[in-house]
Number of protein chains: 2
Amino acid sequence: MTEPTLSRPGRPRDPERMRRVIDAASRQFLEQGFERTSMDAVARESGVSKMTIYSYFPTKAALFEAVIGQRTDTVFDLDAGETLEPRAPAATLSVIGRRFLALMRADEVMGRHRVLFAAAGIQHEACAAFFRQGPEKLIGGVRDYLDQAVAAGALRPHDTRVAADQFLSLFLGGSHIRAMLGLGKPSPEEDARLVQANVDLFMRAYGML
Amino acid sequence: MTEPTLSRPGRPRDPERMRRVIDAASRQFLEQGFERTSMDAVARESGVSKMTIYSYFPTKAALFEAVIGQRTDTVFDLDAGETLEPRAPAATLSVIGRRFLALMRADEVMGRHRVLFAAAGIQHEACAAFFRQGPEKLIGGVRDYLDQAVAAGALRPHDTRVAADQFLSLFLGGSHIRAMLGLGKPSPEEDARLVQANVDLFMRAYGML
DNA sequence: ACTTTACTATACGGTCAAGTATCGTGACGG
DNA sequence: CCGTCACGATACTTGACCGTATAGTAAAGT
């Protein structure tokens, strides 16, 4: 095994550089897509020379996969005062819904979806990794919560895997498609109403009484 | 006004050619995306020379828009025996759900979504036209049915615009994302269960009783 | 026949971008 | 201080591809 601080002769690599490259590449790829992003533009925007970039990533596709590998999953990160209380599913699902919506409205996340959809069939590995660590993980998180709520007697027993998928799906309707097409995002008020409507629907179907 | 059979001097245009061009361009654009599709490939696959293509469409983007302009909306086309009966919403929503799912599973439709998402911000007009004639029209169709069902006393009164969006959204969850990423489509049995689960959810929330 | 238009085939110009090669400089270890 | 590696700058090679130009053939009207 190579030591983490393996002292090789010569100048060591500057880890900051790779970060700058991936940052710039993220912006470019997620805004413009794979094909429309040029390595020269990444070099210019990151301030790192193209040769150095190629010393880290042998090809453009490799840089792309490194960008896709970046995760930022904040849906289940809780602020103070917000808890995933199994006994209050309506309130908790509202919190989850708001978080999920905020996630899906982020330019970076929409860009990631766009670029990966466009890469379907071409970048199979990147797509598969994204699905596992994105949608599947989120559905699993919601499912875990639903299981707790059912166990606590706050929700009717049901197939929680299906229900978790359904709950999140409700946020991917017209307003989401509209935003994905670059036709404008809904206002915060509209999104708040959407959360309310979706939680209402869900609670009517799966709530007690 | 020019007569439909305006007899101009010279050889008339062969309408079949344009159809072949759009067919070939559809396959290419919807499979590979805009950037990865070359005009030479369209010419080769359609059997129409590149010069002729450019005599119909001044630019690649124009051909792209012509392809996007093609519609095939079969959700509300009814076979014999299937009706949109306002008094039986569960059965009718199952029919609509099956149709919608069949539509969303079609390679051509998934390709269209992929390529338009990728074109967000670049091909604004094509995106806007698609949204109006695709999602918005479908939601409107479902809404019209829900209005009828509410009027017939078969569904509880509610915001039918929101509910229509919710109903269709339910089909855009994990399995749809998985398919859009090129990771494989669900089996017909899974899709049938999805329709059942979504209709159940919807009827629990909005059904009478 | 003659004109006019549609179409094919092919080659070309120009641009853009991926990846490489070269030279020079800076940083670190021994 | 010297070898080694990291990095910048820049020019270059190579190929793809959009859009056009040219020359010739096919099909229609007059």
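Just so it is clear: chains get the letters A, B, ... in the order the sequence lines come, proteins before strands, and each one is counted from 1. Only a predicted model underlies this, so the values are computations on that prediction, with no experimental measurement involved.
- The CD-P distance, from E16(B) to dA6(C), rounds to 17 Å in whole Å.
- By the 4.5 Å heavy-atom criterion applied to side chains, V21(B) and F57(B) are counted as neighbours.
- Q148(B) and D144(B) are not linked by any side-chain donor-acceptor pair at a separation below 3.5 angstrom, with hydrogens and angles left out of the test.
- At a threshold of 4.0 Å, the pair R112(A)-E108(A) counts as salt-bridged, since one of the basic side-chain nitrogens sits closer than that to a carboxylate oxygen.
- Ionic pairing of R20(B) and D14(B) is not present here: no N-O contact between side-chain nitrogen and carboxylate oxygen is shorter than 4.0 angstrom.
- The phosphate of dT3(C) has neither OP1 nor OP2 within less than 4.0 Å of any side-chain N or O from R11(B).
- Look at OH on Y54(A): it is 12 Å from P on dA17(C), rounded to the nearest Å.
- Both G10(B) and I53(B) lie close to DNA chain C; mapped to their nearest nucleotides by heavy-atom distance, the more 5′-ward contact belongs to G10(B).
- Nucleotide dT4(C) holds its P atom 18 Å from the CZ atom of R13(B), rounded to whole Å.
- F29(B) and F34(B) have parallel rings, their planes meeting at less than 30° on a 0 to 90° scale where 60° marks the start of perpendicular.
- For the ring pair (Phe, Tyr, Trp, His ring centres under 6.0 Å) with F167(B), the lone residue among F100(B), F202(B), Y145(B) that qualifies is F202(B).
- Within residues 56-65 of chain A, the residues approached by DNA chain C to less than 4.0 Å at the level of any non-hydrogen atom are T59(A), K60(A), in residue-number order.
- D23(A) and R19(A) are joined by a salt bridge, as a carboxylate oxygen and a charged side-chain nitrogen come within less than 4.0 angstrom of each other.
- Within residues 23-49 of chain B, the residues approached by DNA chain C to less than 4.0 Å at the level of any non-hydrogen atom are G47(B), V48(B), S49(B), in residue-number order.
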Derivation and outcome, side-chain contact (heavy atoms from CB on, under 4.5 Å), residues V67(B) and V115(B): CA-CA 11 Å; V67(B) 166; V115(B) 81; over 6 Å; no
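- Remark on the helix from dA1(C)-dT30(D) to dG30(C)-dC1(D): inter-end axis angle 10°, axes from five-pair C1' superpositions, rounded to 10°.
- Distances from the side chain of M51(B) to the nucleotides dC7(C), dT8(C), dA18(C) place dT8(C) closest.
- A donor atom on one side chain and an acceptor atom on the other are found under 3.5 Å apart for E190(B) and S187(B).
- Nearest to the side-chain atoms of K50(B) among the listed nucleotides dT10(C), dG19(D), dC7(D) stands dG19(D).
- A close approach under 4.0 Å does not occur between any side-chain nitrogen or oxygen of T52(A) and OP1 or OP2 of dA6(D).
- In this structure, CE on M104(A) lies 4.0 Å from NE2 on H113(A), to the nearest 0.5 angstrom.
- Partner of M39(A) under the side-chain contact (heavy atoms from CB on, under 4.5 Å) criterion, chosen from K60(A), R44(A), Q28(A): K60(A).
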